[in-house]
Amino acid sequence: INAGWYLNEERQTWDLDHITTQEAARYQKKYLKRVEKLSPQEAYTFLEKQSNAITDDITLHSEQSQSQDAQFYQKFGELDIVDQLMNQMSHLGGYQDYLEGIRQQAGVMSTISIFKKEGSFANKNIAKTVQNYKSLEGISLERGTNQPIVGTLFDPMLRLLNIIFIFAIVLSFIEERKCGLWEKVHTTAEGRGKLAVRRGLILLVSTFMVQIITLFERLVISSYLYGDPDFGRKIQSIPEFKDFVFPMSITSYLIFYWILCSLAGFCLGLFLWLVLSIFLNRVLSFALICIVEVVEWVAYAYIPVQSWVGFLKYFNLYYLINPTQQLAAYSNISFFGQPVERLQILLVSLALLSSLFFVLAVRVNQRKKPVQIPNHLERIVGRVINTIGNKIRKVLAKLSISATEWYKI
């Protein structure tokens, strides 16, 4: 599914330009080869001339011919590739100027009355921003093939597949209730506690494994399509990561991405396991999980970053579903009036929430009994389910044999 989804998405992307993925890769390799010995400014000038020439060809062909052939439409794909490379060269050649512009902008903002108030969040945020971007001064950037990295790190499907796998692992933890093993495990002297701890470790290892498998597979396929992205380059060499203020190589960033996504998935898995452990009824468990996620989404979507509780926007279970989408963008969050980096909030929330959910899940599994009197909420849900079930059974009783067989299928 991972490979098929990615290949189909790339095909659809280049279908809009009337070229195949292979043709797009060939155009890119051709132009990167032509500018490999030029400076970013010289490469940009050369590519700009190529872009103008292709545009003139398209215009001339449109004026002279009523029918357009496949070669004509491929010009649009070639033009798109050239424009992407122009954007990359512009980024490489102007990055230090971009950093200088941030410093100058901070200086200008510091003179404005609403920003220069000593001790205010805005004033502290400006100072912190300048300090963080200072680490990127003089950084060496290199050109290269960016599609494998961008297509891997910014695709939410990669995260969704990993979360589905994690949920499947968690659901397997409660299968013993169906198999009649719960009573036997519960009566052993130390089985419940040890089993819960080991299941937490199983979830942790499984999360790291599925993340590295899907990530490695995607990188291999995308690198085969577009070429080696040169993993030794600084991650800031890619325009989409110009505001990532930690200077590191693409390889280091991928390792960081793997660890971060794995821990986020582990935290979500622990939350799911905790709720399923507390309630015997699966419908009630999933209803509660949905309610919590909706509340978390509201906090994520509507709490302003500048709010004194802005950290709740990212100290957030909904944000953990896909935390990497915004990491490339720089942002400081208000933590009771103090500017804190979004990444710091994410790492702290992962540590605190994972520890809390793990301890609670182990304790609940130690103390939860296989046979117990349902609580008030579970009794209400049970009545609703029984009522709906009785209605369904009355309908099924009136079906023909053929209709019943189709229902079973």
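- For Y98, the OH atom is densely surrounded, since the number of other residues' heavy atoms within 6.0 Å is greater than 12.
- Of the possible donor and acceptor atoms, one in the side chain of N162 sits under 3.5 Å from a partner among the backbone N and O of L158.
- Heavy atoms of other residues, nucleotides or ligands lying less than 6.0 angstrom from CH2 of W182 number more than 12.
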Might you work through the side chain to side chain contact (heavy atoms under 4.5 Å, CB included) test for L254 and L153, ending with a clear yes or no? CA-CA 9 Å; L254 289 172; L153 298 181; 3.8 Å; yes

Would K313 and I333 count as a side chain to side chain contact (heavy atoms under 4.5 Å, CB included) here? Give the steps. CA-CA 9 Å; K313 193 177 183 72; I333 313 301; 5.6 Å; no

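- R233 places a side-chain N or O within 3.5 Å of a backbone atom of P229 that can act as its donor or acceptor partner.
- Partners of T251 according to the side chain to side chain contact (heavy atoms under 4.5 Å, CB included) rule, which considers only residues two or more places apart in sequence or in another chain, are F231, S249, I255.
- A side-chain donor-acceptor contact under 3.5 Å links E296 to the backbone of L317.
- Here the closest non-hydrogen pair linking F358 and G200 is CE1-CA, 3.7 Å.
- Inter-residue side-chain proximity for N146 and P239 is flagged as met; some heavy-atom pair is nearer than 4.5 Å.
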CA sep, side-chain torsions, deciding dist, call: T404, L396, side chain to side chain contact (heavy atoms under 4.5 Å, CB included): CA-CA 7 Å; T404 303; L396 294 177; over 6 Å; no

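- Closest non-hydrogen pair, A43 versus L38, comes out as N-CB, 3.9 Å.
- Donor-acceptor pairing under 3.5 Å is lacking for the side chains of T145 and D230.
- Two residues are said to be in side-chain contact when any heavy atoms from C-beta on lie closer than 4.5 Å; I212 and F208 fail this criterion.
- Between atom OH of residue Y44 and atom CE of residue M86 there is a gap of 3.5 Å, rounded to the nearest 0.5 Å.
- Judged by distance alone, with hydrogens and angles left aside, the side-chain atoms of Q12 form no donor-acceptor pair with the main-chain N or O of E9 at under 3.5 Å.
- A salt bridge is defined here as a Lys NZ or Arg NE, NH1 or NH2 lying under 4.0 Å from an Asp or Glu carboxylate O, and D155 with R218 meets this definition.
- Formation of a donor-acceptor pair under 3.5 Å by the N332 side chain with backbone atoms of P339 is not found in this model.
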Which is it for Y253 and F241 under the ring-ring contact (aromatic ring centres under 6.0 Å, His included) test, yes or no, and what are the steps along the way? CA-CA 11 Å; Y253 186 88; F241 292 89; 5.1 Å; yes

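- Using a 4.5 Å heavy-atom threshold, the side chains of I166 and L268 count as separate.
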Please evaluate residues T21 and L7 with respect to the criterion side chain to side chain contact (heavy atoms under 4.5 Å, CB included), reporting the C-alpha separation (whole Å), side-chain torsions for both, the decisive distance (0.1 Å), and the verdict. CA-CA 9 Å; T21 306; L7 293 173; over 6 Å; no

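- Minimum interatomic distance between L346 and P323 (heavy atoms only, all atoms of both residues): CD2-CB, 3.9 Å.
- Residues P156 and N322 share a closest heavy-atom pair of CB-ND2, 4.0 Å.
- In this structure, CE on M89 lies 6.0 Å from CG on L92, to the nearest 0.5 angstrom.
- One finds the CZ atom of F256 at 5.0 Å from the CZ atom of F244 (value rounded to the nearest 0.5 Å).
- Atom CG of L201 sits in a crowded spot, with more than 12 heavy atoms from other residues, nucleotides or ligands closer than 6.0 Å.
- Looking at K184 and E176, no side-chain N of the basic residue comes within less than 4.0 Å of a carboxylate O on the acidic one, giving no salt bridge.
- In this structure a side-chain-to-backbone donor-acceptor pair under 3.5 Å is missing from S223 to V220.
- By the side chain to side chain contact (heavy atoms under 4.5 Å, CB included) test, F165 is found to be paired with I169, S206, V210, residues two or more places apart in sequence or in another chain being considered.
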Enumerate, atom names and distances included, each donor-acceptor pair closer than 3.5 Å involving a side-chain atom of residues 25-36, sequence neighbours excluded.
residue : atom : partner : partner atom : Å
Q28     : OE1  : Q147    : NE2          : 3.0
Q28     : NE2  : Q147    : OE1          : 2.9
Y31     : OH   : E78     : OE2          : 2.4

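- Evaluation of the ring pair (Phe, Tyr, Trp, His ring centres under 6.0 Å) rule for Y319 yields Y300, Y314 as partners, not counting sequence neighbours.
- For the 3.5 Å distance criterion, the side chains of R11 and N8 qualify, holding a donor opposite an acceptor.
- You'll find the side chain of S39 reaches within 4.5 Å of the side chain of E42, heavy atoms only.
- Looking at Q211 and Y257, their side chains come closer than 4.5 Å, going by heavy atoms from C-beta outward.
- Contacts of P247 classified as side chain to side chain contact (heavy atoms under 4.5 Å, CB included), with partners at least two apart in sequence or in another chain: S135, L136, I139.
- A heavy-atom distance below 4.5 Å is not found between the side chains of K234 and E142.
- Applying the 6.0 Å contact sphere to CE of M157 captures more than 12 heavy atoms from other residues, nucleotides or ligands.
- Residues F246 and E341 meet the side-chain proximity criterion, which asks for heavy atoms closer than 4.5 Å.
- Distance alone, capped at 3.5 Å, is enough to place a donor-acceptor pair between the R159 side chain and the L320 backbone.
- The side-chain heavy atoms of T20 and E23, taken from C-beta on, include a pair separated by under 4.5 Å.
- Judged purely by distance below 3.5 Å, without hydrogens or angles, the side chains of D80 and W14 never pair a donor atom with an acceptor atom.
- With a 6.0 Å radius and a threshold of 12 heavy atoms from other residues, nucleotides or ligands, F154 has its CZ atom above the threshold.
- Panel note: side chain T152, backbone I149; no donor-acceptor pair is recorded below 3.5 Å.
- The line from CG of L353 to CZ of F266 is 12.0 Å long, rounded to the nearest 0.5 Å.
- In this structure, CD in Q22 is found 9.0 Å from OH in Y226, a value given to the nearest 0.5 Å.
- Atom CZ of F76 is surrounded by more than 12 heavy atoms from other residues, nucleotides or ligands within 6.0 Å.
- The closest donor-acceptor contact from the side chain of N2 to the backbone of T214 lies under 3.5 Å.
- Rounding to the nearest 0.5 Å gives a distance of 12.0 Å between CG of D83 and CD of Q50.
- With hydrogens and angles ignored, the 3.5 Å screen pairs a side-chain donor or acceptor of S277 with a backbone N or O of W273.
- Taking every heavy atom of both residues into account, L270 and S354 meet most closely at CD1-O, 3.4 Å.
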Show which side-chain atoms of residues 282-294 pair as donor or acceptor with protein atoms under 3.5 Å away, not counting sequence neighbours.
residue : atom : partner : partner atom : Å
R282    : NH2  : E175    : OE2          : 3.1
S285    : OG   : N281    : O            : 3.0

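- Across all non-hydrogen atoms, the minimal contact from L79 to S51 is CD1-OG, 3.3 Å.
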